[in-house]
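Chain letters run A, B, ... following the sequence lines, proteins first and then strands; every chain starts at 1.
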Amino acid sequence: MQRTLTIPAAALAILTAGALAPSAFQAAPTLQVDPLWPKPLPNHWLLGSVTGVAVDARDHIWVVHRGYDSMTARTEIGAATTPKTADECCVPAPPVLEFDAAGTLISHWGGPGDKYEWPVSPGGIAVDGKGNVWIAAAGPPDIPGSANASSRGRAAAATTTTATTTGGAATAGQGRGRGTTPAPPPKPQDAHVLKFSRTGQFLLQIGKAGAPGGNDSTTALNRPAGVAVDPTGAEVYVADGFVNRRVVVFDAATGAYKRHWSGRQGAEFGSVSCAKVAKDGTVYVCDRANNRVQAFDKNGAFLKMGVVAKDTRGTGSVWDVAFSNDPQQRYLYVADGHDQKVFILRRDTLETVGSFGDGGRYPGTFYSVGSVAVDSRGNVYTGETLEGKRVQKFVPRGAGR
Amino acid sequence: MTTRAILTALVAVLLALGLVERRLERTAAAQAKPGVVAPRFEVDPLWPKRLPKNWVLGQVIGVTVDARDHVWIVHRDNLLGANEAAASENPPTASCCVKAPPVLEFDPAGNVVGHWGGPAEGYDWPESNHGITIDHKDNVWIGANVGTDAHLLKFTRAGKFLMQFGKPGQNKGSNDTENFGRPAKIFVDARTNEAYIADGYSNKRVVVIDADTGKFKRYWGAYGNKPDDTSFGNYDPNVPPIQQFRTPVHCAELSNDGLVYVCDRPNDRIQIFTPEGKFVKEVFVAKNTLGDGSVWDIAFSKDPQQKYLFLADGKNEKIYVMLRETMEILTTFGAGGRQPGQFFAVHSIALDSKGNMYTVETYEGRRLQKFVYKGLAPVTKMDQGTVWPK
C-alpha cells in the first residue's frame, strides 16, 4: 500500500524485529509494525483492555476486550456516563469486534444475554474451523499490582474494578465504569466458557458463573484464561486458569467433559493462561507465572518444556502463544506482557531465537501485550490489556502489502 | 550563534513562511467553492524514535519548542507503576522498562538529545510536574500542580538550576504576591522580559512577574476582576457564566499583537486580555463539556500575524483550528483512542518554526506526537477525526 512508502526506511528499522540468538541455524521471522492498522473505529468507540485476539479461516481478526469495565469514567468515556460530560467522545466499543485483513471493522457484538452469562471479564478468544467463536470467562479481571490503578490518582477502588457488570454498549449510559461510585453488587465469579456463531448467536456454555470447581472437577471451571479448538474441530481445550492449574478438554459440539491434566511433579503449573493445539496435535500450555511453555500430547503426556525470559518475576513472561503460518509451524510466538515483547521460539526445541517489541505507547511498542495470533500470510496480531488497549499488526519483513 | 542571530534567522524564516502561506492561501481559495481554508495536519506515526535505555514515559504534562526546533517535554516519571516500569522496581521484575528522566529534549528527527530533572539540592522539585516552557534566553521553566506545590523552577537548557519563584506550602491564595497556587504553565514575553503565569490549580488568576527577578508586577482574575477564591461549585453550562476563573487556570499565552489568551479550562472558555489585564472578550468552546473541561492549551500559527489559534481539548480529544481574529472554529482534528493521531487526554500543544504541531497526552495517553503541517487547505469536514498520512 502506498502509505508505507511515506515512512522512512530508517524509522522502520527501529521498530523491526531483531534476531537474538545466534545459535539458531535458521533465521527467525522478522516483522515490522503496520502503524496504521486497524482503521479508526467508528462512532467514537474505544477499545478497553484487550484480553484476546484470534484469526479465522478468512483471515479476519477477532478481538475481545473488557469494554466499559476497563474504562475510566471521568476521563475516558465522557459520552457514556450519566450525565454525559462530553458530547461525543467517547464510548466503549462492543466487546467482540471482527476486522478484515485491511483493518476495517466488519462486525461487532457481545454483552449480556438471556441464555448465557456474559463474563465479568473476558479472557482469550478463539475461532474454530466452522467459524464459531469461543470466549473464556476469566474474571475478576487479572490486574496485577493494584499500584497500577492507584498510581493514576483516580477512584479505581478494588470494589469498582472487580464488581461492575457487563462489558459493552449494552450498559452504556448507566454511569458505570471505573472511577464511579457506588459500585453495583458483585456479579458471580467467572467459571465458564462461551460459544457463539460468528454473528454472535449463542450456542453453548460450559461451566456456570458463581459455581467454580477445583482441579479435579469434570463439570466446572475456575476463571479459565484461554480457549482453543483443535485443528479437527472436535475438541475444545480450556486453559483453566487463573485459579485452577490445569488443562481441560471438552467435546466442542456438546460440551461433554473428555479429560484434563495438571503439571507433573516438579513442574507444576503456575497460572495457566493459554492452551493451544498445533496441527500435529501437540498442546502448548502457557505456564505464565513460571516463565515456561510446556508441551504435551493430546492426552496430556508431557513432551518438553521451554523457559522464556527466565528472570521475569511478577506476572511472568508466558501470557499467550501462537504458531507461525508455515505448514510445519516451525515457530512459536510468545506474548510476554511483563517484558513487553513477543518472543519467537523454535517449536522443535522451544529455544528462544528472536523477539520484537518493547515497552511504550507507540506503534510497535507494548503495554501488557497479553494475546497473539497469526494469519495465513504470516502477519502477527497482538492485543494489549491493562492500559495498553490496542490491537496491533506486524507484517513479515519483505512481504508485499 | 548568538541569541540575536538566532532570533534574526527565526524572523527571516517566519517572514518566508508568511509569504508562502499567502501564496498557498490564494491557491486554496481558488479551489474551495465557498472558500474556507485552514492549516491542515497529518500525524507522523513513527515520530519520535524509540526512546533509548528502555525508557518509558509517564503522563506527559508539558511540551515546548526551542529556537533550534528541538522539542522539550516534561512528564511524570514518578507515576509509572510496577507493571509498566518493571525494570525500575527493586529488584527489577522484568527487562522492560525504566522510568525516563522527567525532562527530555528531542531533535527534529525525534532522537532524544538531552535529559535531566528530578529532586536535587538547592531547589524544590515539584510534587507533580506541570507545564514546560523554553524562553528567548534558552532557559527552561517548569510548573508544579499538586499538594503543597506553590512555585516555578527555571533551569538552563542543560538542566543547571537557576531560580525558584515561590515556596512550597506558602501559597496564601489568589492575592498572594510571593507564591503561586499550583501554577500550570508559563509564557515568557521576550520584548518585556515578563513571564505570564497561569496560576493555576489552586489559585484563580493570571500573574505577570519579572522573568529575571521573579518580582510580581500584576495579576488579575476572570474579566479582569480581582481574583477571589470563593468556591462556585461545579461548572453548569445552563447558568450565567461565573465572574471568576475555575481551577485549573491552565494557560496564559501572549500573541505578537499583544493579547493574552487564557485557558479557563473547566469553564470551557478562552478569555482574552490586554497585557495589563484589561478584559477584551471571551469565547466558549464545546460548552456542554463537564468535568475536566474543554480549554486545555493554546498555541498560535507561525505566521507573523498568528492568523490561526490552535486549542487542545483533552476531554473531547481533539484540536480546534480557530481563526484568531474572530475566534471562529474552522475545523477540528483528532479523536479518542490509542492509535497514531488519536488522543487520550491531549494536554499541551506547541508548534515548531515550520508549523509542525506537537501534542502530549496525560492520564493513560502518555505520548508525545507530531503532526506534520501540510499547508493551508480547503476545509471539507468540520471534524476531520484521525488525520493519517494520505
_Between S368(A), P40(A), G314(A), who has the most heavy-atom pairs with chain B when the cutoff is under 4.5 Å?_
P40(A)

*To the nearest 0.5 angstrom, please state how far the CG atom of L386(A) sits from the CD atom of E364(B).*
9.0 Å

*Could you grab the distance from atom CD of Q32(A) to atom CG of L46(B), nearest 0.5 Å is fine?*
10.0 Å

_Side chain to side chain, C96(B) and D336(A), heavy atoms closer than 4.5 Å_ = no

*asked:* Taking A94(B)'s backbone N and O only, do any of them form a donor-acceptor pair with D339(A)'s side chain (distance below 3.5 Å, no angle check)?
replied: no

_Proximal component of P38(A), with respect to chain B [non-hydrogen, under 4.5 Å]_ = both

*Do the side chains of K341(A) and S95(B) get nearer than 4.5 Å, heavy atoms only?*
yes

*Pick whichever of N78(B), N54(B), N288(B) has the most heavy-atom pairs under 4.5 Å with chain A.*
N288(B)

*With the side chain counted from C-beta on, respond yes when R361(A) and Q369(B) share a heavy-atom pair under 4.5 Å apart, and no when they do not.*
no

*Interchain contact, L51(B) with chain A, by part (heavy-atom threshold 4.5 Å)*: neither

_Within this structure, what is the NZ-CZ distance for the pair K389(A) and R338(B), rounded to the nearest 0.5 Å?_
4.5 Å

*Atom CG of D383(B) and atom SG of C89(A): how far apart are they, to the nearest 0.5 Å?*
11.0 Å

*Identify which of G58(B), P91(B), G341(B) forms the greatest number of heavy-atom pairs closer than 4.5 Å to chain A.*
P91(B)

*asked:* Counting heavy-atom pairs closer than 4.5 Å to chain A, which one of G291(B), G337(B), P340(B) comes out on top?
replied: P340(B)

*Heavy atoms only: give me the nearest P45(B)-P35(A) pair and the separation to one decimal.*
CB-CB, 3.8 Å

*Working to the nearest 0.5 Å, report the span between OG1 of T85(A) and CG of N234(B).*
11.5 Å

*Q342(B) CD to R390(A) CZ distance, which is reported to the nearest 0.5 Å*: 10.5 Å

_pair C97(B)-D358(A): side-chain heavy atoms closer than 4.5 Å_ = yes

*Are the side chains of Y362(A) and R50(B) in touch, meaning some heavy atoms are under 4.5 Å apart?*
no

*asked:* Can you tell me which portion of K84(A) sits under 4.5 Å from chain B's heavy atoms? Options are side chain, backbone, both or neither.
replied: backbone

*Please look at H338(A) and chain B and tell me whether the side chain, the backbone, both or neither of the residue comes under 4.5 angstrom of a heavy atom of that chain.*
both

_Closest heavy-atom pair and its distance - G360(A), V56(B)_ = N-CG1, 4.0 Å

_Heavy-atom pair of closest approach, residues W37(A) and W388(B)_ = N-CH2, 4.3 Å

*Between chain A and each of Q339(B), E89(B), E317(B), count heavy-atom pairs under 4.5 Å; write down the option with the most.*
Q339(B)

*Is there a side-chain contact between D292(B) and R74(A), using heavy atoms and a 4.5 Å cut-off?*
yes

*Mind listing the closest non-hydrogen atom pair of C90(A) and G336(B) along with its distance?*
SG-CA, 3.6 Å

*Pick from T312(A), D311(A), L47(A), L41(A) with the largest number of heavy-atom pairs that fall under 4.5 Å of chain B*: T312(A)

*What closest approach, in Å, do Y363(B) and T75(A) show between heavy atoms, and which atom pair accounts for it?*
CE1-CG2, 3.2 Å

